[in-house]
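In what follows, chains are A, B, ... by sequence order, proteins preceding strands, each numbered from 1.
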Amino acid sequence: MTVKTRFAPSPTGFLHIGGVRTALFSWLYARHHGGQFVLRIEDTDRERSTQAAVDAILEAMEWLGLHHDEGPYYQTRRMDRYRELAEQLLAAGSAYRCYCSRDELEQMRAAQMARGENPRYDGRCRGRQNPVAGVSSVLRFRTPQEGVTVVDDLVRGRVEFRNAELDDLVIMRSDGTPTFHFGVVVDDGDTGITHVIRGDDHLNNTPRQMHILDALGFARPAYAHLPMILGPDGAKLSKRHGAVNVLEYRDAGYLPDAMLNYLVRLGWSHGDQELFSREEMIRLFDIAAVNASASRFDTGKLDWINQQYLRAGDPEALAPGLVSQLDRAGLDVRRGPHAAAVIEAYRERATTLGDIAASAGYLYAEPARVDEAAVGKHLTAAIAGPLRLLTTRLAGSPDWTREGIHAAMAAVAQECGIGFGKLGQPVRVAVTGGTVSPPIDVTLELLGREKTLERLSRAITRLP
RNA sequence: GCUCCCUUCGUCUAGCGGUUAGGACGCGGCCCUCUCAAGGCUGAAACACGAGUUCGAUUCUCGUAGGGAGCGCCA
C-alpha cells in the first residue's frame with residue numbers, strides 16, 4: 001500500500017506555525033515512505049474563506065518547499081459529490097433529516113450543561129417520519145449509540161471512546177453544503193488517504209469520522225494526532241505572542257530550511273541530533289518517535305538554528321535574500337559591496353538576513369545613526385596622528401585587500417607606539433558610526449577605498 | 001460541567017525497570033581576541049505529587065494536582 005498523506009488547511013487566515021508543523025510532519029511521512037502528499041483547501045465555510053488566505057497558504061508552502069504531489073483540491077468544487085454521498089447515507093438510513101431550530105438546540109444544550117451532562121444532540125429527530133412544513137432541515141449522521149470506538153493512534157496509542165458519549169452530528173447544512181466532518185471524510189476517502197496526520201485538537205473528532213467512513217464504505221486510514229504548539233507562556237499560540245504567520249519569518253530574514261529544522265524538533269527527535277538537512281529529516285523521520293506532549297514555540301532556539309544555516313549556506317545562494325532585506329531597509333545594493341561578500345563577513349554575528357541588513361547599512365549609505373558616546377570615547381585628539389598616517393598609507397596602498405589593509409594598520413599602530421586595538425576601534429567608529437562590525441580589515445575591504453578614505457578624512461576634521 | 005489528551009532542567013528533548021538522569025538553546029565563569037560575534041573549556045539548572053506493582057521506579061498501574069483540546073448548520 002502506497003502511503004498517502006494530506007495537509008488540509010482552511011483558508012480563513014494565514015498559515016500559522018502550528019499548521020506548518022502539521023504540514024511538515026505529513027510531508028515528511030509521505031516522503032519517508034516514498035508516498036504521496038496531497039494538499040486540500042477546506043473552504044466550505046464560505047463566510048470566512050478568502051482567496052487571499054488561499055494565496056498566502058500556497059505561498060508559504062512554496063517558500064518552505066513543502067511541495068504536494070496532488071491537489072490542491074478545493075472542497076467548494078466538489079459539492080455535487082458531497083450531496084451524492086449524503087443522499088446515499090440518507091437512503092441507507094445512516095443519516096436523517098433534522099428540523100430543530102438553532103434556538104431549540106441551544107436551549108437543549110444549556111439544560112444538559114445545567115444537569116452536568118456532556119452537551120450533545122439528543123436525537124429528537126431520529127425517528128421523525130414526516131418533514132416539518134416550512135422549516136428547512138439539516139442532515140444528521142446516525143451515530144451508533146452503543147459500544148466503544150477505538151482509535152489506534154500512531155502517537156498516542158490506543159484511545160477508547162464510548163459511543164454513548166457521541167451524538168448525531170450535522171453532516172449537511174440547511175443550505176446544502178457539507179460540514180467539516182463530512183467533507184473531511186469524503187475527501188479522505190475519495191483521494192485514498194492512508195494516514196491522517198493532524199493536530200490533536202481533532203482527536204475527539206476521530207471516532208465520529210470513523211463512523212461516517214464506515215457508513216460510506218471507505219477504509220479507515222491510520223491516524224496520528226500531533227501535540228499542539230503553544231506560545232512561550234504555555235497558552236494557546238496566538239497573535240499576541242508575536243509572529244505566528246510563517247511568512248512573517250520569511251520577511252524577517254529567516255531561512256526556510258532553518259524554520260523546518262526548528263519545527264521538526266518540536267515534537268520529534270532523533271537521539272541528540274539538533275540539525276537536520278531536508279534529506280536527513282526525510283530519511284530519519286519516524287512517527288513513532290513523535291512526542292505526545294505539547295511544546296512551546298520559543299524563538300530562542302530558532303535564532304540559533306537560523307544562524308547555523310546562515311553560516312553553513314552558500315553565500316551566493318543566500319545573496320538574493322539579503323538583497324531583498326536591503327531593499328526593505330531602503331538600501332541600494334548597487335551602492336556597496338556584493339551581497340554575498342557581506343553575508344560571508346556578517347553571518348557569524350547575525351541570526352537572520354534581516355539582522356545583516358540592519359547592521360551593514362553603512363556599507364551602502366552613510367551610517368544611519370552615529371553612536372556619539374563611542375565617538376567621544378574613541379575619536380579623541382590623541383588619535384589624530386595615527387589616523388592621518390593611516391589615511392595616507394591606505395590612500396597609497398597598491399591594492400585594496402584585507403591583508404594589505406591589515407598590514408598597513410599594524411604598521412601604523414606600531415610606528416605610533418599604540419596597540420592594534422587602539423587604532424582599530426577609532427577607525428571602526430569613524431567608518432561605521434558604531435563600535436561593532438566584522439574585523440576592521442574586512443570591514444574596510446568591504447566598504448571600499450573611496451568611502452573609507454572619505455569617512456576617515458571627515459572624522460579627522462571633526463576631531464576635538 | 002462532561003469526555004478525551006498531556007506532565008524530565010527556564011525552553012526543546014534523550015531515556016523505553018538498575019544511568020553520577022545525557023544533549024541542545026538560553027544563562028554564568030574562564031580562555032581566545034582590534035569591537036561584536038564565532039569557537040574551546042567550564043558552572044548552575046529537571047524526573048509535578050501520592051499510592052501501588054517490583055529486589056529495584058524517571059520508566060509500569062491507579063489516583064490527585066496542573067495544563068490542553070473537544071462538546072456549532074467553525075474548521
Next item on the list: Starting from C1' on B:rG68, measure out to CG on A:D233 and report it in whole angstrom.
Entry: 13 Å

Margin query: Are A:F141 and A:H211, when compared by the centres of their aromatic rings, separated by less than 6.0 Å?
Written below: no

Next item on the list: Could you tell me how the ring of A:F285 sits relative to the ring of A:W268: parallel (under 30°), tilted (30 to 60°) or perpendicular (over 60°)?
Entry: tilted

Note to self: Whether the side chain of A:S437 and the base of B:rC36 hold a donor-acceptor pair under 3.5 Å is what I'd like checked.
What the structure shows: no

Margin query: Distance criterion of 3.5 Å, no angle test: do you see the side chain of A:R296 paired donor-to-acceptor with the base of B:rC12?
Written below: no

Item checked: Base partner of B:rG63, which must satisfy Watson-Crick or wobble distances under 3.5 Å -> B:rC49

Check: Of the nucleotides B:rU35, B:rC4, B:rC5, which has the atom closest to the A:R349 side chain?
Finding: B:rU35

Checklist line | Integer-rounded Å distance: B:rU11 P and A:D298 CG | finding: 9 Å

Margin query: Strictly below 4.0 Å: does A:S295 bring a side-chain N or O up to OP1 or OP2 of B:rU13?
Written below: yes

Notebook entry, point to check: Taking the same atom, P, in B:rC27 and in B:rC36, what whole-Å distance lies between them?
Noted result: 15 Å

Check: Where the side chain of A:R311 is concerned, which of B:rG39, B:rG72, B:rU35 is the nearest nucleotide?
Finding: B:rG39

Notebook entry, point to check: With sugar-phosphate meaning primed atoms plus P, OP1 and OP2, does A:P232 contact a base, only sugar-phosphate, or nothing at under 4.0 Å between heavy atoms?
Noted result: nothing

Check: P atom, B:rG43 versus B:rU7: distance in rounded Å?
Finding: 31 Å

Next item on the list: Looking only at side-chain atoms of A:S174, point me to the closest of B:rA75, B:rA24, B:rC73.
Entry: B:rC73

Next item on the list: Mark yes or no for a side-chain to base donor-acceptor pair under 3.5 Å between A:E274 and B:rG23, with no hydrogen or angle criteria applied.
Entry: yes

Checklist line | Single hit among A:W27, A:F37, A:F25 for side-chain contact (heavy atoms from CB on, under 4.5 Å) with A:F7 | finding: A:F37

Notebook entry, point to check: Side-chain donor or acceptor of A:D272 under 3.5 Å from a matching atom on the base of B:rG22?
Noted result: yes

Note to self: Let's test this: given Watson-Crick or G-U wobble pairing with both distances under 3.5 Å, identify the partner of B:rU3.
What the structure shows: B:rA69

Next item on the list: Please measure how far the P atom in B:rA69 lies from the corresponding atom in B:rU20, and state the result in whole Å.
Entry: 40 Å

Check: From B:rG68, B:rC4, B:rC73, pick the nucleotide closest to the side chain of A:T179?
Finding: B:rC73

Next item on the list: Just name whichever nucleotide pairs with B:rC25, Watson-Crick or G-U, keeping both distances under 3.5 Å, else none.
Entry: B:rG10

Next item on the list: Sort out the partner of B:rU20 for me: Watson-Crick or G-U wobble, both distances under 3.5 Å, none otherwise.
Entry: none

Margin query: From CG of A:N291 over to C1' of B:rC6, roughly how many Å is that when rounded to an integer?
Written below: 10 Å

Check: B:rU11 C1' sits how many Å from A:L302 CG, rounded?
Finding: 13 Å

Item checked: Per A:A292 side chain, nearest of listed nucleotides B:rU35, B:rA75, B:rC6 -> B:rC6

Checklist line | G-U wobble or Watson-Crick pairing nucleotide for B:rG39 (cut-off 3.5 Å, both distances) | finding: B:rC31

Note to self: Could you tell me if A:S101 and A:D103 have a donor-acceptor pair between their side chains, going purely by distance under 3.5 Å?
What the structure shows: no

Next item on the list: Take atom CD of A:Q414 as the centre, draw a 6.0 Å sphere, and report whether it contains more than 12 heavy atoms from other residues, nucleotides or ligands.
Entry: no

Check: To the side chain of A:Q307, which of B:rU13, B:rA38, B:rC2 is closest?
Finding: B:rA38

Next item on the list: Please check if the side chain of A:D168 supplies one atom and the backbone of A:T143 the other of a donor-acceptor pair under 3.5 Å.
Entry: yes

Next item on the list: From the options B:rC73, B:rA75, B:rG1, select the nucleotide whose nearest atom is closest to the side chain of A:R48.
Entry: B:rA75

Check: So what's B:rA57 paired with, Watson-Crick or G-U wobble, going by both distances under 3.5 Å?
Finding: none

Next item on the list: Let me know the distance between CG of A:D303 and P of B:rA38, rounded to the nearest Å.
Entry: 12 Å

Margin query: Closest approach to the side chain of A:R140, judged atom by atom: which nucleotide of B:rA69, B:rU13, B:rC73 is it?
Written below: B:rC73

Margin query: Salt bridge or not between A:D188 and A:R40? Use side-chain N to carboxylate O under 4.0 Å.
Written below: yes

Item checked: d(NZ, A:K301; P, B:rG10) in whole Å -> 15 Å

